[in-house]
Amino acid sequence: MEFNEAVFVGSFYDMAQIPRTGFAQIAFAGRSNVGKSSLINRLLNRKNLAQVAKRPGKTRALNFYEINRHYYFVDLPGYGFARVAKEEQTTWRKLIDSYLEQTRNLQGVVHIIDSRRGLQEDDLSLIEYIGFPQRKILWVLSKSDKLSANQKAAVYRDTLNQLQCSPKELIFFSALDGTGVSELKKLVSEMLRK
Ligand code: GDP
């Protein structure tokens with residue numbers, strides 16, 4: 001499935017504000033700077049749509065995109081910024097927690113991991129509170145263009161071991177050279193159909 005009809009719906013800071021259409025949703029999560037906006041833009045065949053999520057004040061919100069008039073892609077706030085105060089981390093966590101807990105029609109989460117760093121402590125805690133394996137997660141190793149073939153093989157093996165997931169649930173992605181774009185579209189389409 002192509003995701004050609006994408007419209008930015010809004011930025012929401014509170015579960016009481018989010019749209020109540022009942023559309024199936026896919027959430028996108030990852031540490032700040034992992035390449036989440038670039039990935040979403042690539043998936044939507046758009047140059048700058050996800051940039052709205054980066055405007056001042058919006059990085060701490062749930063940013064909703066309506067896709068093909070039937071679905072929502074939800075860009076979750078990026079986490080893991082050492083400079084962010086504890087208080088803000090708590091607010092962030094509460095928002096994500098309530099989103100994950102209250103969204104009945106969440107079909108799956110695309111969790112983006114920087115392929116140069118592999119899984120970090122805060123990635124693991126996110127996985128824990130997403131509630132894997134009850135909740136479907138697709139893992140994406142981003143910025144794969146920055147790695148050599150050997151480095152790719154090593155990070156793939158290590159991440160697979162740590163996650164104990166199936167190789168079908170872990171893919172490489174590069175917004176720069178297009179690695180993984182069509183595979184990601186296919187896998188997200190499958191999550192939406194389930
Ligand atoms: P976000 O904070 O997770 O939304 O990350 P962005 O999409 O804004 O990307 C953060 C930085 O990484 C930017 O400088 C991007 O140009 C760069 N970046 C994103 N995706 C890729 C990629 O696939 N390859 C490379 N080499 N750089 C990337």
Side-chain angles (χ1 to χ4, degrees), residues 1-7 22-31 34-47 49-50 53 62-79 96 99-100 103-120 123-124 126-147 149 152-153 155-194:
M1 192 194 316
E2 288 292 329
F3 306 113
N4 284 330
E5 279 187 75
V7 181
F23 288 177
Q25 302 181 18
I26 302 286
F28 294 79
R31 308 178 89 231
V34 74
K36 184 154 57 69
S37 311
S38 307
L39 176 143
I40 292 173
N41 284 330
R42 203 60 208 237
L43 203 55
L44 301 179
N45 306 315
R46 296 285 284 266
K47 278 217 158 66
L49 191 65
L62 303 168
N63 290 291
F64 273 64
Y65 301 89
E66 187 191 287
I67 311 297
N68 297 357
R69 299 186 205 178
H70 276 296
Y71 313 110
Y72 288 130
F73 284 179
V74 182
D75 186 0
L76 302 181
Y79 54 89
I96 297 201
Y99 173 77
L100 293 170
T103 309
R104 296 283 154 263
N105 32 18
L106 179 62
Q107 300 287 101
V109 179
V110 176
H111 184 194
I112 305 149
I113 297 155
D114 193 322
S115 64
R116 292 166 308 172
R117 295 164 179 259
L119 283 163
Q120 308 280 300
D123 293 316
L124 295 170
L126 177 77
I127 293 164
E128 205 171 291
Y129 62 87
I130 288 177
F132 182 75
Q134 296 82 351
R135 180 87 73 185
K136 174 114 186 103
I137 308 183
L138 174 66
W139 283 281
V140 174
L141 290 162
S142 67
K143 308 189 190 181
S144 67
D145 56 276
K146 296 203 175 204
L147 300 189
K152 280 177 81 171
V155 74
Y156 196 86
R157 188 191 52 227
D158 290 350
T159 311
L160 206 58
N161 268 338
Q162 280 177 282
L163 292 172
Q164 293 288 308
C165 67
S166 145
K168 285 187 201 140
E169 296 165 324
L170 178 66
I171 66 168
F172 279 110
F173 186 89
S174 164
L176 209 71
D177 68 15
T179 299
V181 174
S182 49
E183 198 175 0
L184 183 61
K185 284 181 183 170
K186 187 171 150 258
L187 292 168
V188 167
S189 304
E190 281 171 16
M191 286 204 283
L192 284 169
R193 281 194 209 103
K194 287 217 168 106

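- Minimum interatomic distance between Asn161 and Gln164 (heavy atoms only, all atoms of both residues): O-NE2, 2.9 Å.
- Partner of Phe28 under the side chain to side chain contact (heavy atoms under 4.5 Å, CB included) criterion, out of Leu39, Leu76, Val74, Asn63: Leu39 alone.
- Tyr99 and Ala27 make their closest contact through CE2-CB, 4.0 Å (heavy atoms, listed as atom of the first residue, atom of the second, distance).
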Glu5 and Ile67: CA distance, side-chain angles, deciding distance, side chain to side chain contact (heavy atoms under 4.5 Å, CB included) verdict: CA-CA 6 Å; Glu5 279 187 75; Ile67 311 297; over 6 Å; no
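- No donor-acceptor pair under 3.5 Å is formed between the side chain of Glu66 and the backbone N or O of Val7.
- Side-chain contact, Asn68 with Asn4: no donor N or O sits under 3.5 Å from an acceptor N or O.
- Taking every heavy atom of both residues into account, Gly78 and Lys36 meet most closely at N-NZ, 4.1 Å.
- In plain terms, the two heavy atoms of Pro77 and Leu62 that are nearest each other are CD-CD2, 4.1 Å.
- Here the side chains of Leu141 and Leu170 are in contact, with some heavy-atom distance below 4.5 Å.
- Residues Ala6 and Leu44 share a closest heavy-atom pair of CB-CD1, 3.9 Å.
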As a quick check of understanding, evaluate side chain to side chain contact (heavy atoms under 4.5 Å, CB included) for Leu43 and Val181, giving each step before the final call. CA-CA 7 Å; Leu43 203 55; Val181 174; 5.6 Å; no
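- Between Ile171 and Leu187 there is a side-chain heavy-atom pair separated by less than 4.5 Å.
- In this structure, Arg135 contributes its side chain and Ile127 its backbone to no donor-acceptor pair below 3.5 Å.
- Of all heavy-atom pairs spanning Ser144 and Phe172, the tightest one is CB-CD2, 3.7 Å.
- Using modelled atom types, one finds a donor on one side chain and an acceptor on the other under 3.5 Å when comparing Tyr79 with Asp123.
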Worked verdict on Asp114 versus Lys143 for side chain to side chain contact (heavy atoms under 4.5 Å, CB included): CA-CA 7 Å; Asp114 193 322; Lys143 308 189 190 181; 4.2 Å; yes
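- Summarising the geometry, atom CD1 belonging to Ile96 is positioned 8.5 Å from atom CD1 belonging to Ile130; distances are rounded to the nearest 0.5 Å.
- When atom types are taken as modelled, the side chain of Ser115 and the backbone of Ser142 share a donor-acceptor pair closer than 3.5 angstrom.
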Just do the side chain to side chain contact (heavy atoms under 4.5 Å, CB included) check on Phe3 and Leu192 with the steps written out, would you? CA-CA 12 Å; Phe3 306 113; Leu192 284 169; 4.1 Å; yes
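- Interatomic distance, Lys168 NZ to Glu190 CD, rounded to the nearest 0.5 Å: 9.5 Å.
- Counting only heavy atoms from C-beta outward, the side chains of Gln107 and Gln25 never approach each other to under 4.5 Å.
- Sorted by first and then second residue, the salt bridge (charged side-chain N to carboxylate O under 4.0 Å, His left out) pairs with a member in residues 169-185 read Glu2-Lys185, Lys136-Glu169; sequence neighbours excluded.
- Here the side chain of Arg31 pairs no donor or acceptor atom with the backbone of Ile113 at under 3.5 angstrom.
- One N or O on the side chain of Arg42 and one on the backbone of Ala175 form a donor-acceptor pair closer than 3.5 Å.
- A tilted orientation is assigned to the rings of Trp139 and His111, their planes being inclined by 30° to 60°.
- Between Asp75 atom CG and Tyr72 atom OH the span is 15.5 Å, to the nearest 0.5 Å.
- At distances below 3.5 Å, not a single donor-acceptor pair connects side-chain atoms of Tyr65 with backbone N or O atoms of Ile40.
- A distance of 6.0 Å or more separates the ring centres of Tyr71 and Phe23.
- Separating the CD1 atom in Ile137 from the CG atom in Leu163 is a distance of 8.0 Å, to the nearest 0.5 Å.
- Aromatic rings of Phe73 and Phe64 (six-membered ring for Trp) have centroids beyond the 6.0 Å cut-off, not under it.
- Under the 3.5 Å distance criterion, the side-chain polar atoms of Asp145 are left unmatched by any main-chain donor or acceptor of Ser174.
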